[in-house]
Protein chains: 2
Amino acid sequence: MSSLGELMGEYAGRVALGRYYEGQDCSLARALELLGERWTMLLVRDAFYGVRRYADFLAHLDIPRAVLADRLRTLTEAGVLARRRYSDSPPRDEYVLTDRGRELWAPFYLLSQWGERHLSAAGPRRLFAHADCGTLLDPTGACPRCGRLAPPEEIEMRPGPGQQDDHRTDPVSQALRRPRRLLQPLLPHHEPG
Amino acid sequence: MSSLGELMGEYAGRVALGRYYEGQDCSLARALELLGERWTMLLVRDAFYGVRRYADFLAHLDIPRAVLADRLRTLTEAGVLARRRYSDSPPRDEYVLTDRGRELWAPFYLLSQWGERHLSAAGPRRLFAHADCGTLLDPTGACPRCGRLAPPEEIEMRPGPGQQDDHRTDPVSQALRRPRRLLQPLLPHHEPG
DNA sequence: CCTTCTGGTTCATTCACTGAACCATGCGTA
DNA sequence: TACGCATGGTTCAGTGAATGAACCAGAAGG
């Protein structure tokens with residue numbers, strides 16, 4: 001349906017509706033053609049939280065199956081996610097963030113913090129701390145103690161005071177309410193790669 | 001059609017399709033309900049570039065008029081943009097970023113830089129420099145010389161080597177190809193209040 | 001009175017998302 | 001061998017949102 005080559009190449013006059021911003025010669029428009037469709041950013045967010053499997057995305061997002069399959073395909077073709085086999089005897093694949101995908105942490109964190117400040121009635125639902133030293137990150141995503149931006153691998157997510165607003169009962173949501181390191185697989189179902 | 005109150009309040013079971021992510025108890029989902037619709041983020045980007053008037057957004061974005069009117073209404077109700085009268089004798093209004101809107105600079109800049117690194121074939125189309133000292137910003141949006149994040153008011157935008165890929169001929173695009181301070185009105189049409 | 005500028009609204013068409021049903025593979029076990 | 005089930009999809013009719021062209025209205029200006 002869509003490939004990175006198509007995304008980076010010439011597509012003058014080809015598609016007029018939907019995901020493309022043809023006339024916009026702008027890198028933000030390019031990023032939004034990939035990430036700006038409905039559900040896509042939430043899917044990447046879940047990947048940071050450790051969700052890796054089709055069924056787990058489905059349980060946590062209430063996303064239509066067809067849309068989920070399409071988004072996983074698009075993000076994989078764009079090199080944001082990688083599809084990886086973690087089991088052979090039942091053949092099972094998982095989707096994990098690539099380096100390119102992990103670089104999205106900072107913009108996602110900042111956008112989320114903006115939403116927290118301006119659109120959330122209760123307090124923060126999730127808190128993010130630098131796992132190495134236990135210090136809560138500042139609104140820019142930096143660790144105040146270490147004085148540098150914390151990469152997602154070093155971040156621990158904890159429930160915050162607004163967590164009570166989370167009414168979801170699926171197993172994925174329950175797992176995500178416990179303190180956990182970002183990018184770590186959600187459940188000890190398997191030992192990846 | 002939508003208000004900030006509606007956005008922040010309870011809307012359990014009310015809307016199932018379109019812009020809302022009902023089941024998602026997450027501040028990123030809240031932010032995306034407001035900003036994640038088609039065209040909305042590009043509109044905010046243009047506001048950072050100094051675009052303020054309906055006709056100028058229209059000329060620069062090739063956005064359907066009905067969608068533009070809807071997005072301006074939604075962003076204004078959410079307090080991201082403010083509608084301001086800048087002329088009485090022909091009554092004219094403009095849309096300017098509020099404090100809340102200007103806080104979106106950092107996430108937008110980071111997302112745009114990500115797109116620049118991974119989805120743009122040519123070099124950067126636009127360069128951003130700290131106007132006070134003339135130094136180019138680093139990929140996090142900080143001024144390497146001053147050692148701090150540059151707020152949008154202090155940023156100058158200049159054409160970069162990838163600028164040649166910009167084929168737009170409308171007056172707004174032409175104005176945006178010249179070096180300019182962010183948030184400053186696009187054309188000296190008027191002296192805003 | 002006629003035209004232009006600006007900032008919209010209306011509406012038929014087209015496209016994307018939704019949700020429910022269905023399908024295929026590969027175990028596990030009886 | 002059959003049955004059941006977990007996983008990861010595809011198909012498709014129905015719905016809602018985006019598109020784009022046409023139309024509209026207020027206020028100058030000539």
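Per chain, numbering begins at 1; letters A, B, ... match sequence-line order.
Put simply, A/R52 has no side-chain N or O that comes within less than 4.0 Å of OP1 or OP2 on D/dT7. A/R73 has no side-chain polar atom (N or O) that falls below the 4.0 Å cut-off from OP1 or OP2 of D/dG8. The shortest distance between the side-chain N/O atoms of B/Y95 and the OP1/OP2 oxygens of C/dG8 is below 4.0 Å. Contact check, B/R71 against D/dA18: a side-chain N or O comes under 4.0 Å of OP1 or OP2. OP1 or OP2 of C/dC15 has not a single side-chain nitrogen or oxygen of A/R38 nearer than 4.0 Å. Between B/W39 and the phosphate of D/dT19, there is a side-chain N or O to OP1/OP2 separation shorter than 4.0 Å.
Nearer to the 5' terminus of DNA chain C, by closest-nucleotide assignment, is the contact made by B/L72 (compared with the other of A/I63 and B/L72). Comparing A/Y54 and B/A66, the nucleotide of DNA chain D nearest to each residue sits closer to the 5' end for A/Y54.
Side-chain contact between A/L35 and B/L111 is present, with at least one heavy-atom pair separated by less than 4.5 Å. Residues A/W114 and B/L34 have side chains in contact (heavy-atom distance under 4.5 Å, counting atoms from C-beta outward).
Taking 3.5 Å as the limit, the base of D/dG8 and the side chain of A/R53 contain no donor-acceptor pair of atoms between them. Residue B/R65 places no side-chain atom within donor-acceptor reach of the base of D/dG20, judged by atom type and a 3.5 Å distance cut-off alone.
With rounding to whole Å, B/D88 atom CG is found 15 Å from C/dT6 atom C1'. The separation between B/E33 atom CD and D/dA17 atom C1' is 16 Å, rounded to whole Å. Here C/dT10 presents its P atom at 13 Å from CG of B/D70, a figure rounded to the nearest Å. To the nearest angstrom, P of C/dG7 lies 10 Å from CD of B/E94. Atom P of nucleotide D/dA18 and atom CG of A/L32 are separated by 15 Å, given to the nearest angstrom. One can place CG of B/L58 at 13 Å from C1' of D/dT19, the figure rounded to the nearest angstrom. Rounded to an integer number of Å, the gap from B/E37 CD to C/dC17 C1' is 13 Å. For the pair A/R85 CZ and D/dG8 C1', the computed distance is 11 Å after rounding to whole Å.
Each of D/dA18, C/dC5, D/dG8 was ranked by its minimum atom distance to the side chain of B/R92; first place goes to C/dC5.
The two atoms that bring A/P152 and A/L182 nearest to each other are O-CB, 3.3 Å, heavy atoms only.
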Please table the atom pairs, donor to acceptor, closer than 3.5 Å between any side-chain atom in residues 121-131 of chain A and protein atoms at least two apart or in another chain.
residue, atom, partner, partner atom, Å
A/R126, NH1, A/L176, O, 3.4
A/H130, NE2, A/E154, OE1, 2.7

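Looking at heavy-atom distances under 4.0 Å, B/P90 makes contact with sugar-phosphate atoms alone, never a base.
Geometric assessment of B/R38 against the ring of A/Y21 yields a positive cation-pi assignment under the 6.0 Å and 45° thresholds.
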